[in-house]
Amino acid sequence: MVVKQDFYFQNTSDVAQQLLGKVLYHRKPNEEICCGRIVETEAYLGVEDPACHTFGGRRTERTRAMYLPGGYSYVYLIYGMHYCLNFVTRSEQEPEAVLIRALEPVPHPEEIPAKNHLYTNGPGKLCRHLGITRADNALPLWDKTSGLWVEDDHFKVKPARICKTTRIGVDYAGEAASWPQRFYLRDSPWISRP
DNA sequence: AGTGAGATGGCCT
DNA sequence: GGCCATCTCACTA
């Protein structure tokens, strides 16, 4: 069943970890539906996180969706050619988010043609594969009619299977670069990098 | 296996 | 003007 909005009001690190194992769905403009199981996330901790777009309370047109309540999407363009998908967490006063970094193909890896596992093992790649663009910014993730939503299919993740490590590509963020806010399923072949 | 550069555009100072 | 929450390819070895 669809994950409800209040799930996203929780502590952002907890949301990032609890998202592991859940399934992301996207309905493209041509009505085709793509999905994948979330196997890697990163938490971005808002105004006190130098790696976060809202660090210091920065509020711009790009980061507008971050200041929505938890449960909305935040999609932005990076390096001029890749989109990154985030889930906004907490409240309007706490602009935090979870970056979706990798998906495991569903319904079943065995049915996926060879090499297709290379299409969703990175934040930019999974957006391209699912057809996620700026048009998917600021959508309610708890509402299937938005075309972008998350489902819990009762896939169980043992806490011991969750790997915690440093985030990728945030070396500019000083001491925050060493915060363990990247989470992934141990031994998953579908993550962006080990 | 590891390093480095280029693509490419919007954001931010 | 400089910098990116990236990816791919070319190069070393």
Side-chain angles (χ1 to χ4, degrees), chain A residues 8 11-20 22 24 26 34 36 38-68 70-90 94-105 114-139 141 148 150 162-185 188-194:
Chain A
Y8 301 96
N11 171 284
T12 302
S13 294
D14 292 344
V15 172
Q17 291 170 74
Q18 291 175 37
L19 278 170
L20 298 176
K22 295 193 168 43
L24 169 68
H26 182 236
C34 268
I38 298 168
V39 297
E40 180 180 345
T41 59
E42 283 176 1
Y44 284 84
L45 305 181
V47 301
E48 295 186 349
D49 178 0
C52 187
H53 290 170
T54 57
F55 176 58
R58 281 195 306 254
R59 193 167 190 139
T60 66
E61 177 52 31
R62 177 178 65 152
T63 60
R64 198 186 84 256
M66 292 272 304
Y67 289 84
L68 294 170
Y72 283 88
S73 61
Y74 168 48
V75 179
Y76 68 92
L77 181 69
I78 187 147
Y79 297 114
M81 63 189 85
H82 300 292
Y83 290 101
C84 285
L85 171 65
N86 298 255
F87 297 163
V88 176
T89 57
R90 300 193 67 78
E94 298 153 302
E96 308 187 12
V98 174
L99 171 69
I100 308 303
R101 283 199 58 92
L103 304 174
E104 169 182 330
K115 294 186 180 174
N116 268 25
H117 67 282
L118 301 174
Y119 293 158
T120 55
N121 60 340
K125 289 161 79 175
L126 73 88
C127 282
R128 183 163 45 115
H129 189 247
L130 264 63
I132 290 169
T133 68
R134 73 173 74 249
D136 299 297
N137 187 42
L139 297 180
L141 297 164
L148 186 66
V150 179
I162 299 177
C163 254
K164 306 175 170 81
T165 180
T166 54
R167 295 173 291 186
I168 290 173
V170 296
D171 292 346
Y172 62 88
E175 177 249 343
S178 63
W179 293 359
Q181 295 296 341
R182 175 177 174 236
F183 309 100
Y184 62 88
L185 293 184
S188 170
W190 317 102
I191 61 175
S192 64
R193 50 180 111 165

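Keep in mind that this is a model prediction, so the values were computed, not measured. Naming convention: chains lettered A, B, ... in sequence-line order (proteins, then strands); numbering from 1 in each chain.
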[X] vs [Y] side-chain heavy atoms within contact, under 4.5 Å:
{"X": "A/Asn121", "Y": "A/Ile191", "result": "no"}
{"X": "A/Leu103", "Y": "A/Leu130", "result": "yes"}
{"X": "A/Ser13", "Y": "A/Phe183", "result": "yes"}
{"X": "A/Ile100", "Y": "A/Ile38", "result": "yes"}
{"X": "A/Tyr184", "Y": "A/Arg101", "result": "no"}
{"X": "A/Val150", "Y": "A/Phe87", "result": "yes"}
{"X": "A/Leu45", "Y": "A/Cys52", "result": "no"}
{"X": "A/Asp136", "Y": "A/Tyr83", "result": "no"}

Problem set entry | A/Ser188 side chain to A/Glu104 side chain, donor-acceptor N/O pair below 3.5 angstrom |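 There is no such pair (donor and acceptor under 3.5 Å, judged by atom type) between the side chains of A/Ser188 and A/Glu104.
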In whole Å, I'd like the distance from the [atom1] atom of [X] to the [atom2] atom of [N].
{"X": "A/Met81", "N": "B/dT8", "atom1": "CE", "atom2": "P", "answer": "6 Å"}
{"X": "A/His82", "N": "C/dT6", "atom1": "NE2", "atom2": "P", "answer": "9 Å"}
{"X": "A/Leu45", "N": "C/dA5", "atom1": "CG", "atom2": "P", "answer": "15 Å"}
{"X": "A/Arg193", "N": "B/dT3", "atom1": "CZ", "atom2": "P", "answer": "12 Å"}
{"X": "A/Ile100", "N": "C/dA5", "atom1": "CD1", "atom2": "C1'", "answer": "12 Å"}
{"X": "A/Glu96", "N": "C/dA5", "atom1": "CD", "atom2": "P", "answer": "17 Å"}

Problem set entry | Residue pairs fulfilling salt bridge (charged side-chain N to carboxylate O under 4.0 Å, His left out) with at least one residue in residues 81-90 of chain A, sequence neighbours excluded |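 Qualifying pairs: A/Arg90-A/Glu94.
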For this session: Go through the structure and list residues passing side-chain contact (heavy atoms from CB on, under 4.5 Å) with A/Thr63, not counting sequence neighbours.
Result: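 Expected list: A/His53, A/Thr54, A/Thr60, A/Met66, A/Tyr67, A/Tyr74.
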Gap separating the [atom1] atom of [X] from the [atom2] atom of [Y], nearest 0.5 angstrom:
{"X": "A/Cys127", "Y": "A/His26", "atom1": "SG", "atom2": "NE2", "answer": "9.0 Å"}
{"X": "A/Asp49", "Y": "A/Gln181", "atom1": "CG", "atom2": "CD", "answer": "7.5 Å"}
{"X": "A/Arg182", "Y": "A/Ser192", "atom1": "CZ", "atom2": "OG", "answer": "4.5 Å"}

Seminar exercise, completed: Here DNA chain C, pairs taken as Watson-Crick or G-U under 3.5 Å and shown with ( ), [ ] when crossing and | when to another strand, reads ||||.|||||||.
For this session: Determine: side-chain N/O of A/Arg182 to OP1/OP2 of C/dA5, distance under 4.0 Å, yes or no.
Result: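 Answer is no, no contact under 4.0 Å.
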Exercise. Which ones in residues 164-181 of chain A lie close to DNA chain B, meaning a heavy atom under 4.0 Å from one of its atoms?
Worked result: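 Listed by number, there are none.
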Problem set entry | Any donor-acceptor N/O pair under 3.5 Å between C/dA5 base and A/Tyr76 side chain |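 Yes.
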Could you write out each protein N or O paired with an N or O of nucleotides 8-11 of chain C at a distance under 3.5 Å?
residue	atom	partner	partner atom	Å
C/dT8	OP2	A/Lys125	NZ	3.3

Taking only nitrogen or oxygen atoms into account, show me every contact under 3.5 Å that the protein makes with nucleotides 10-13 of chain B, one pair per line with its distance.
residue	atom	partner	partner atom	Å
B/dC12	OP1	A/Thr60	OG1	2.8
B/dC12	OP2	A/Thr60	OG1	3.0

Exercise. Do we count A/Tyr44 as stacking onto C/dA5 if the rule is ring centres under 5.5 Å and planes under 30°?
Worked result: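 It does: the ring sits over the base of C/dA5.
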